[in-house]
Amino acid sequence: MPRLSPVAADRFRRFVLPGLAFKAVVIGGGYATGREIAEFFLPAGPWGGLAAMLLATLIWAVVAATTFHLAHKIGARDYRTFFKALLGRGWVAFEAAYLVFIVLILAVFGAAAGAIGQATLGLPAAVGTVALMVGIVGCVAWGNAGVERVFVWVSVLLYATYATFLLLALTGIGERIAAAFESAPPPSGDWALGGITYAGYNVVGAVIVLPVTRHFRSGRDAVVAGVIAAPLAMLPALLFFVSMTAFLPEIASAVLPSDYILVRLGHPGFHLLFQVMIFAALLESGSGAVHAVNERIAHASAGRIVLRPLARALAALALLVPCMLIAERIGLVALIASGYRALAWMLILLYVLPLLVMVALRRVAGPAIQPETP
């Protein structure tokens, strides 16, 4: 973590770190490359896409704040404990959905890493995929401390790179961006569906990052961190979306929209830096997802299994290998287009709706839910 005073470091861990972790899980392969943005926001046009992003951000803020508050109340630091409190015996249904989610997103990350290696260095797709797998294994081997360091330092690189990207876009294609918004109609059609769908499968990130909520001191900390997490996660996508509107409609079908724009901006050095940033984003996203599984295993064992670095690395490897094989077979565009929509509604049904119903019934603040004892 960057050097901070003890008070500032404490506030950072309580209020900002969960948001950086949430952003890390959300940004993944499709977000960082622009493929998810093209799939869920571009079809609604410039203004419709912005409206969909705002709706998704609001959904994230509500669900993340509620999730963090409930998790703090019951002492949940892994998704299994959380869903046993939320769904009772139905927690097994979420476990099955989460398995599908993990396989899908890790396959997307692997496909994205392979596509980046091909586009940037001309390497076979398998090289980028394997490099990502090795990096994730190395990060999660050291548990919470290692994963939290990845979240912080990659976030510094990511926000700085996206800010530079927007500056270059405004100076290079600013007139085209302005023209796209001036000629675009007001939001219409199914822009809301795009926002709900995108928010639906990504909001599970609030549960994935529960290990880093260990720094909360109160329910207020949890709510504030959840509200902050949403804009932290959406800001880079917003900057990228604005730039993408300059190249409508052709960019909508690009496998790597980020590469499509960077080639046309004409800054080779920054082009390479951006691809490095995307790979780093894939690394932190994959690390967050795999670390959540490791923490679930550790908690479920009630102390019988001690996950030392080697055990964590082997568990991660066992999860990653089949996912990366799927990535090589199917490809990035097909994975996002075919898998994410169905997954979104599955997670809304098993996670978002029960959580909101619990809030509506005022059970979150009541004594009915107690911390799980091993």
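These numbers come from a predicted model, not from an experiment.
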Report summary line: In short, Ala292 meets Tyr79 closest at the heavy-atom pair O-CE2, 3.8 Å
Query - Single-linkage hydrophobic cluster, 4.5 Å side-chain cutoff, Phe12 and Val150 together - result: no
Query raised in the report: Phe181, Leu167: one ILVMFWY side-chain cluster at the under-4.5 Å cut-off?
Result: no
Report summary line: Note: Ile27 and Ala24 closest approach over all heavy atoms is CG2-O, 3.6 Å
Query raised in the report: Which value, rounded to the nearest 0.5 Å, describes the distance between Tyr159 atom OH and Met277 atom CE?
Result: 11.5 Å
Query raised in the report: For the side-chain contact (heavy atoms from CB on, under 4.5 Å) test, which of Ile102, Val25, Thr67, Leu347 pairs with Val204?
Result: Leu347
Query raised in the report: So, do Glu36 and Asn202 sit near enough that their side-chain heavy atoms are less than 4.5 Å apart?
Result: yes
Query - Ring geometry between Phe94 and Tyr98 (parallel below 30°, tilted from 30 to 60°, perpendicular above 60°) - result: parallel
**Report entry** pair Phe68-Val223: side-chain heavy atoms closer than 4.5 Å
**Finding:** no
Query raised in the report: Could you give the distance from CG (Leu320) to CG (Leu132), rounded to the nearest 0.5 Å?
Result: 7.5 Å
Query - Sequence-distant partners of Arg77, salt bridge (Lys or Arg N to Asp or Glu O under 4.0 Å), two or more places apart - result: none
Query raised in the report: If you measure from OH on Tyr162 to OG on Ser258, what distance do you get to the nearest 0.5 Å?
Result: 7.5 Å
Report task. May I ask whether Val227 and Leu70 are part of the same hydrophobic cluster, defined by side-chain heavy atoms of I, L, V, M, F, W, Y residues being less than 4.5 angstrom apart, directly or through others? Result -> no
Identify every side-chain donor-acceptor pair in residues 51-64 under 3.5 Å, counting partners at least two apart or on other chains, and give the distances.
unit_1	atom_1	unit_2	atom_2	d
Thr57	OG1	Met53	O	2.8
Trp60	NE1	Ala199	O	3.4

Query - Within one Ile-Leu-Val-Met-Phe-Trp-Tyr cluster: Trp345 and Leu355, side-chain cutoff 4.5 Å - result: yes
**Report entry** OG1-NE2 distance between Thr164 and His267, expressed to the nearest 0.5 angstrom
**Finding:** 11.0 Å
Query raised in the report: Donor-acceptor pair, Arg35 side chain versus Ala254 backbone, under 3.5 Å?
Result: yes
Query raised in the report: Is it the case that one hydrophobic cluster holds both Leu158 and Leu272, taking links as side-chain heavy atoms less than 4.5 Å apart, direct or via other members?
Result: no
Report summary line: Rounded to the nearest 0.5 Å, the CG atom of Leu157 sits from the CZ atom of Phe279 at a distance of 12.5 Å
Requested in this report: Side-chain contact test, heavy atoms from C-beta onward, threshold under 4.5 Å: evaluate it for Val321 versus Met133 and give yes or no.
Outcome: yes
Requested in this report: Enter the distance from Leu20:CG to Ser155:OG here, rounded to the nearest 0.5 Å.
Outcome: 4.0 Å
Report task. Could you tell me whether the side chain of Thr171 and the main chain of Leu168 form a donor-acceptor pair under 3.5 Å? Result -> yes
Report task. Answer yes or no: is there a side-chain heavy-atom contact under 4.5 Å between Ile278 and Gln275? Result -> yes
Query raised in the report: Heavy atoms, side chains only, cut-off 4.5 Å: are Phe40 and Tyr201 in contact?
Result: yes
Query raised in the report: Are side-chain heavy atoms of Arg312 and Val137 found at a separation under 4.5 Å?
Result: no
Query raised in the report: When you look at CZ of Arg214, are more than 12 heavy atoms from neighbouring residues, nucleotides or ligands closer to it than 6.0 Å?
Result: yes
Only pairs under 3.5 Å count here: list side-chain donor-acceptor contacts from residues 232-247, not counting sequence neighbours, and write none if there are none.
unit_1	atom_1	unit_2	atom_2	d
Ser243	OG	Leu239	O	3.4
Thr245	OG1	Val242	O	2.6

**Report entry** Smallest separation among heavy atoms of Phe15 and Pro18, with atom names
**Finding:** C-CD, 4.1 Å
Report task. Output, in order, the C-alpha distance, side-chain angles, deciding distance and verdict of side chain to side chain contact (heavy atoms under 4.5 Å, CB included) for Phe83 and Leu350. Result -> CA-CA 9 Å; Phe83 279 98; Leu350 292 174; 5.8 Å; no
Query raised in the report: Less than 4.5 Å apart, any side-chain heavy atom of Thr66 and any of Met358?
Result: no
Report task. Would you please say whether a donor-acceptor pair under 3.5 Å links the side chains of Glu250 and Tyr260? Result -> no
**Report entry** Asp190 (side chain) donor-acceptor with Leu193 (main chain) under 3.5 angstrom
**Finding:** no
Query raised in the report: Under a 4.5 Å cut-off applied to non-hydrogen side-chain atoms, are Asp78 and Pro211 in contact?
Result: no
Requested in this report: Determine the minimum heavy-atom distance between Pro46 and Ala180, stating which atoms define it.
Outcome: CG-O, 3.7 Å
Query raised in the report: If you draw the axis of the six-membered ring of Phe82, does the NZ or CZ of Arg80 fall within 45° of it and under 6.0 Å from the ring centre?
Result: no
**Report entry** Sidechain-backbone polar pair: Thr197 side chain, Gly194 backbone, donor-acceptor under 3.5 Å
**Finding:** no
Requested in this report: Could you tell me which non-hydrogen atom of Ala222 sits nearest to which non-hydrogen atom of His72, and how far apart they are?
Outcome: CB-CB, 4.3 Å
Query raised in the report: For Glu175, does the CD atom sit with more than 12 other heavy atoms under 6.0 Å from it, leaving out its own atoms?
Result: no
Query raised in the report: Hey, are Asp259 and His271 close enough side-chain-wise for a donor-acceptor pair under 3.5 Å?
Result: yes
